[in-house]
Amino acid sequence: SRLDVMLQLVCLLLPTLSLALDNGLARTPPMGWMDWERYRCQIDCKLYGKNCVNEDLFKEMAQAMQAEGYQTAGYNAIHVDDCYLSLKRNGSGILEADPKRFPSGMKGLGDFLHGLGIKFGVYLDEGTRTCGGYPGSKGHEMTDADTIARWGADYLKLDGCNNNRSDYIQGYPKMGEALKKTGRPIVYSCSWPAYLGHNETAIKVWPTIVKTCNLWRLYDDVQDSWDSVLGIINHWGQYQDTLAPLAGPGHWNDPDMLIIGNYALSHSESEAQMALWSIFAAPLIMSHDLRTTQPEIKRILLNSEVIAVNQDPMGKQGRRMVNGRNIQIWRRELVDGLAVVILNTGSAGSGTPVTFAFQDVGVANGTFVQVRDLFAGQNLGVFVDAHLLFVPLHGVRMLKFNVTL
């Protein structure tokens with residue numbers, strides 16, 4: 001019965017939920033925009049102009065987020081990454097933004113974003129200095145938590161440069177406690193596991209990470225290339241038995257930013273990243289120029305049916321069910337069905353016809369399944385046992401399954 005299924009689901013989730021941070025935040029994967037992948041540490045405003053990391057960049061991205069429909073689709077935050085601070089703390093030991101590039105200060109920027117109904121994310125580092133060489137928060141956790149709370153921050157990404165593994169076990173929880181003491185609800189994103197190596201199964205501090213953070217970066221930083229995206233996808237598949245049980249409402253595995261709309265990905269590859277990040281129940285944090293987005297890229301990023309998969313309230317991370325030579329099949333359980341992604345990882349040709357057996361994603365033989373193509377926005381029909389699909393090179397077919405009676 002449906003009740004039996006629900007009880008089984010609760011029993012499966014209880015071990016993870018009992019360990020997880022419960023601050024009422026990030027009940028679905030965060031969505032928004034962050035500058036790092038596209039703009040890095042471009043601080044020479046004479047050289048980079050409108051692509052300089054300064055106050056105007058973030059204000060213009062926020063305005064574009066609102067005007068171009070991203071905010072309505074669920075992208076509701078602007079995140080300032082590294083290289084915004086002054087090179088030294090002020091005379092009172094307080095962090096301040098670079099006054100030339102951020103003349104309104106961080107509170108002024110936060111007020112501007114909040115005036116648009118957009119949340120405000122900031123970056124700090126649990127080390128002596130940030131990755132870009134700016135003042136770190138190690139030993140300043142309470143002071144810096146109070147500072148970003150005064151700025152009006154809604155989200156903190158805490159990086160881990162210029163530290164060592166033995167210090168993380170004290171530093172990251174210390175910042176988490178400091179955030180709580182501010183009294184301001186601040187989503188806590190930790191880069192902790194990204195600095196502990198690629199063998200996720202060997203990490204012994206997962207219970208503390210999950211208890212401390214709302215989301216956590218792991219594995220390599222995404223780069224603007226298909227190889228980088230595919231490497232992350234394969235890593236999630238390789239370590240899914242470790243990672244999937246960690247994810248759920250309020251606590252998410254983070255594979256890094258969406259690079260859709262930048263320079264490297266084809267249209268098919270862009271659909272693939274959007275689809276797999278949604279199957280992963282991953283944060284959807286864009287990092288391209290929202291001011292100049294091409295219409296075909298907007299259609300991918302604003303696809304309401306794909307976003308609904310990502311934001312499914314069950315919060316269950318998907319799994320790779322088939323890992324063939326050139327074809328992978330992934331599935332994610334949803335409150336109202338099943339999401340399925342067929343990924344073509346081949347290296348030649350325009351695509352591959354795939355006879356897709358429903359049994360591969362746990363649907364019993366003889367079951368009638370209504371199949372919808374989410375990127376096409378079309379119902380494909382009702383099928384039993386299998387269906388033939390064409391999957392483009394480096395692309396996906398993303399499907400929604402509803403079992404019919």
Side-chain donor/acceptor pairs under 3.5 Å, residues 345-355, sequence neighbours excluded:
| residue | atom | partner | partner atom | Å |
| --- | --- | --- | --- | --- |
| T345 | OG1 | N326 | O | 3.2 |
| T352 | OG1 | N344 | ND2 | 3.3 |

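- Taking the centre and axis of the six-membered ring of Y123, the NZ or CZ atom of K157 falls outside the cone set by 45° and 6.0 Å.
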> After noting the C-alpha distance and the side-chain angles of R291 and D289, does the key distance pass the salt bridge (charged side-chain N to carboxylate O under 4.0 Å, His left out) rule?
Replying inline: CA-CA 5 Å; R291 301 166 297 189; D289 193 338; 2.8 Å; yes
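- Between the side chain of R40 and the backbone N or O of E37, at least one donor-acceptor pair lies under 3.5 Å.
- S228 contributes a side-chain N or O that, together with a main-chain N or O of Q223, makes up a donor-acceptor pair within less than 3.5 Å.
- Taking the six-membered ring for Trp, F358 and F401 have ring centres closer than 6.0 Å.
- Ion pairing between K138 and D125 fails under the 4.0 Å rule for side-chain N and carboxylate O.
- With contacts defined as side-chain heavy-atom distances shorter than 4.5 Å, the pair V205/W192 qualifies.
- Atom CG of L21 sits about 4.5 Å away from atom CG of N214, to the nearest 0.5 Å.
- No more than 12 heavy-atom neighbours from other residues, nucleotides or ligands sit within 6.0 angstrom of NZ on K119.
- For the pair D312 and K316, the salt-bridge criterion is not met [side-chain N within less than 4.0 Å of a carboxylate O].
- Between the T130 side chain and the G132 main chain, a donor and an acceptor come within less than 3.5 Å of each other.
- Heavy-atom contacts from other residues, nucleotides or ligands closer than 6.0 Å to NZ of K59 number more than 12.
- Between E68 and K298 there is a side-chain heavy-atom pair separated by less than 4.5 Å.
- Side-chain contact check for D159 and Y195: at least one donor-acceptor pair (N or O, by modelled atom type) lies under 3.5 Å.
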> Where do K400 and D373 land on the salt bridge (charged side-chain N to carboxylate O under 4.0 Å, His left out) test, with the steps shown first?
Replying inline: CA-CA 7 Å; K400 176 83 174 286; D373 186 318; over 6 Å; no
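- Under the 4.5 Å side-chain criterion, counting only non-hydrogen atoms from C-beta, L290 is not in contact with Q66.
- Checking D146 against T182 by side-chain atom types alone, no donor-acceptor pair falls below 3.5 Å.
- In this structure, N262 contributes its side chain and S287 its backbone to a donor-acceptor pair below 3.5 Å.
- Put simply, the side chain of E200 reaches to within 4.5 Å of the side chain of I203, judged on heavy atoms.
- Q71 contributes no side-chain N or O that, together with a main-chain N or O of G69, makes up a donor-acceptor pair within less than 3.5 Å.
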>> Walk me through whether K174 and E177 qualify under salt bridge (charged side-chain N to carboxylate O under 4.0 Å, His left out).
In response: CA-CA 5 Å; K174 189 175 181 180; E177 289 302 314; over 6 Å; no
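- Distance check: D241 CG to T201 OG1 gives 8.0 Å after rounding to the nearest 0.5 Å.
- By the 6.0 Å contact criterion, CD on Q359 is open, its count of non-hydrogen atoms from other residues, nucleotides or ligands being 12 or less.
- With hydrogens and angles left out, the side-chain atoms of T128 and N162 include no donor and acceptor closer than 3.5 Å.
- For the residue pair N234/Q328, the side-chain donor-acceptor check at 3.5 Å is satisfied.
- Residues V340 and F356 form a side-chain contact, since some pair of their non-hydrogen atoms from C-beta on lies under 4.5 Å apart.
- In this structure, D224 contributes its side chain and Y263 its backbone to a donor-acceptor pair below 3.5 Å.
- In the displayed structure, K211 atom NZ is contacted under 6.0 Å by at most 12 heavy atoms of other residues, nucleotides or ligands.
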>> Would D56 and K50 count as a salt bridge (charged side-chain N to carboxylate O under 4.0 Å, His left out) here? Give the steps.
In response: CA-CA 8 Å; D56 289 342; K50 291 178 70 66; over 6 Å; no
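- One finds no salt bridge joining D98 and K100 here, because no Lys/Arg side-chain nitrogen approaches an Asp/Glu carboxylate oxygen to under 4.0 Å.
- Side-chain atoms of Y188 and M175, non-hydrogen and from C-beta on, do get closer than 4.5 Å to each other.
- R331 is not listed as a side-chain neighbour of R320, based on a closest heavy-atom distance of 4.5 Å or more.
- The closest donor-acceptor contact from the side chain of Y168 to the backbone of S191 lies at 3.5 Å or more, if one exists at all.
- The backbone N or O of S266 lies less than 3.5 Å from a partner atom in the side chain of E269, making a donor-acceptor pair.
- With I342 as the partner, the side chain to side chain contact (heavy atoms under 4.5 Å, CB included) test is satisfied by one option alone out of V396, I329, V322: I329.
- Residue L109 is tested with Y84, F120, W151 for a side chain to side chain contact (heavy atoms under 4.5 Å, CB included); the sole match is F120.
- Ring pair H198/Y219 is tilted by interplanar angle, where 30° to 60° counts as tilted.
- Between W236 and the choices W330, F280, W277, the ring pair (Phe, Tyr, Trp, His ring centres under 6.0 Å) rule is met once, by F280.
- Under the 3.5 Å distance criterion, with hydrogens and angles disregarded, no donor-acceptor pair is assigned to the side chains of H251 and D22.
- Exactly one residue among Y75, Y155, W33 makes a side chain to side chain contact (heavy atoms under 4.5 Å, CB included) with I285. That residue is Y155.
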